[in-house]
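For reference, the structure discussed in these notes is given below.
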Amino acid sequence: MHTEICERLGIDVPIFAFTHCRDVAAAVSNAGGLGVLGAVGFTAEELEVELAWLDDHVHGVYGVDLVIPSKYEGKGIDGLSPAQLEAELAKLVPQGHRDFAEKILADHGVPKLPEDEHHEQLLGWTATTAGPQVDVILKHPKAKLVANALGTPPDDIIKKVQDSGRLIGALCGSVKHALNHKRAGLDFVVCQGTEGGGHCGEISSLVLWPQVIDAVGDLPVLAAGGIGNGRQVAAAMSMGAAGAWTGSIWLTVEEANVPPAQMQTYIDATSHDTVRSRAWTGKPARMLRNDWTEAWERPDTPDPLGMPLQMMVALDGVKRGHRYPEAAKDVNFNPVGQVVGMMNKVERTSDVMQRLMEEYLEACERLNKLNS
């Protein structure tokens with residue numbers, strides 16, 4: 001299981017692990033794959049701290065995932081600092097949406113954050129706020145891969161990353177998006193089916209992967225969406241994928257920075273318990289269905305705003321849910337794919353990596369016996 005993208009990155013196996021936890025990213029990279037740290041929740045200053053830590057704890061290389069949507073509220077507003085853009089976008093958020101979000105949290109007894117604990121509302125959800133994150137990434141030689149979670153990255157960011165000798169790619173949920181990525185000159189595409197956690201389209205992985213692989217030709221495609229074991233990795237590779245992009249399965253590893261109450265929610269869930277909802281970010285994302293997602297879907301309540309306005313409404317709930325997970329267990333932000341039904345125990349990250357590779361080899365052996 002060694003492909004061209006492994007050679008370009010200097011990794012042993014093409015297993016990529018998206019995670020918001022630096023400990024998980026480091027453990028995957030040190031086990032021969034590539035840990036990819038999600039940057040959207042960090043300010044540029046916070047991201048510098050995270051990447052400096054990874055530099056000290058990763059033996060080889062790692063990646064970073066950004067969120068620069070192709071379309072979002074405020075796109076085209078130029079010349080503003082991130083703080084100024086946040087202030088301008090905040091004016092577009094109806095007070096009724098903030099009041100409704102607060103009511104959901106209050107009705108469930110989720111305490112407010114301390115009054116002196118200010119947090120930014122916008123973070124890395126626009127080109128303006130992601131730009132400083134890119135500057136931070138380029139200071140760290142071990143950060144060899146950059147991925148954009150929503151749409152083709154802006155041309156200037158593509159050039160800046162590639163000129164530094166790094167690989168840059170983006171996720172897609174359709175053939176159209178994949179071809180946009182190829183025309184922009186990206187180095188790889190992450191093709192995610194609707195089974196995947198977080199932002200996803202409507203086409204299943206088994207249908208989407210071969211369509212995108214055929215459409216983009218020799219551009220490496222990393223298969224994503226519903227991968228939880230090595231048999232699924234083998235299926236993706238047999239279709240022509242250059243590797244497997246995983247995410248949800250790293251939420252229930254020992255090293256994950258997930259509060260115990262929230263982790264138990266994942267472990268108890270079945271594959272029927274997820275839903276695509278705009279209730280947290282403003283764009284369709286797969287997560288566990290709970291009282292928060294149900295509240296925003298009722299006909300008598302406000303409709304979710306577009307990105308990034310809805311996240312500006314919801315981010316206080318994310319922060320409070322992380323600080324008070326027991327109180328927020330029914331209204332927490334739980335992004336995860338349908339593979340959650342297979343995530344029924346806590347494992348060490350290195351054990352998951354070993355299991356994926358062993359299951360992959362077993363699947364290949366079964367096929368070889370059939371073909372013989």
Exercise for the section: Quick one: sort the F100 and W296 rings into parallel, tilted or perpendicular, breaks at 30° and 60°. Expected result: perpendicular
Exercise for the section: Taking atom types as modelled, find out whether H2 and E7 have a side-chain donor-acceptor pair closer than 3.5 angstrom. Expected result: yes
Practice task
Would you please say whether a donor-acceptor pair under 3.5 Å links the side chains of T274 and R289?
Solution key: no
Problem - Shortest non-hydrogen separation from N332 to N290 and the atoms involved - result: O-ND2, 2.7 Å
Problem - Of V28, T246, V190, L145, the residue whose pairing with F16 passes side chain to side chain contact (heavy atoms under 4.5 Å, CB included) - result: L145
Handout entry: Salt bridge flag under 4.0 Å for residues K112 and D316
Key = no
Practice task
Determine, stepwise, if the pair E359 / R231 fulfils salt bridge (charged side-chain N to carboxylate O under 4.0 Å, His left out).
Solution key: CA-CA 6 Å; E359 291 167 345; R231 287 176 290 168; 6.0 Å; no
Practice task
Could you tell me whether the side chain of D268 and the main chain of T265 form a donor-acceptor pair under 3.5 Å?
Solution key: no
Handout entry: Partners passing side-chain hydrogen bond (donor to acceptor under 3.5 Å, both in side chains) against R323 (at least two apart in sequence or in another chain)
Key = E117
Handout entry: Distance-only donor-acceptor check, side chains T194 and E202, under 3.5 Å
Key = no
Fill in the blank from the handout: Closest non-hydrogen atoms of V346 and V253, given as atom of the first, atom of the second and distance, are CG1-C, 4.1 Å
Handout entry: Heavy-atom pair of closest approach, residues Y62 and L54
Key = CE2-CB, 3.7 Å
Handout entry: Check: H322 main-chain N/O paired with Q262 side-chain donor or acceptor under 3.5 Å
Key = no
Exercise for the section: For Q338 and H272, test the side chains for any donor-to-acceptor distance below 3.5 angstrom and give the result as yes or no. Expected result: no
Practice task
Report whether L222 and I227 are members of the same hydrophobic cluster (ILVMFWY, side-chain heavy atoms less than 4.5 Å apart, transitive linking).
Solution key: no
Completion exercise
In short, salt bridge (Lys or Arg N to Asp or Glu O under 4.0 Å) pairs touching residues 49-65 with sequence neighbours left out are R22-E50
Handout entry: R278 bridged to E297 by N-O distance under 4.0 Å
Key = no
Practice task
State whether a side-chain donor-acceptor pair under 3.5 Å links Q84 with E88.
Solution key: no
Handout entry: Path from V313 to V331 over hydrophobic side-chain contacts below 4.5 Å
Key = yes
Handout entry: Pair R286 + E195: basic N to acidic O under 4.0 Å
Key = no
Handout entry: Minimum heavy-atom distance A242-P220, with the two atoms named
Key = CB-CB, 3.9 Å
Handout entry: Side chains of H199 and T281, donor plus acceptor under 3.5 Å
Key = yes
Handout entry: E294 and R298 ion-paired at < 4.0 Å
Key = no
Completion exercise
Heavy-atom closest pair (Y266 atom, P335 atom, distance to 0.1 Å) is OH-O, 3.5 Å
Practice task
Any chance you could measure I5, atom CD1, to I11, atom CD1, to the nearest 0.5 Å?
Solution key: 7.0 Å
Handout entry: Shortest non-hydrogen separation from G193 to S205 and the atoms involved
Key = CA-OG, 3.3 Å
Practice task
May I ask you to decide whether E326 forms a salt bridge with K329, counting only side-chain N to carboxylate O separations under 4.0 Å?
Solution key: no
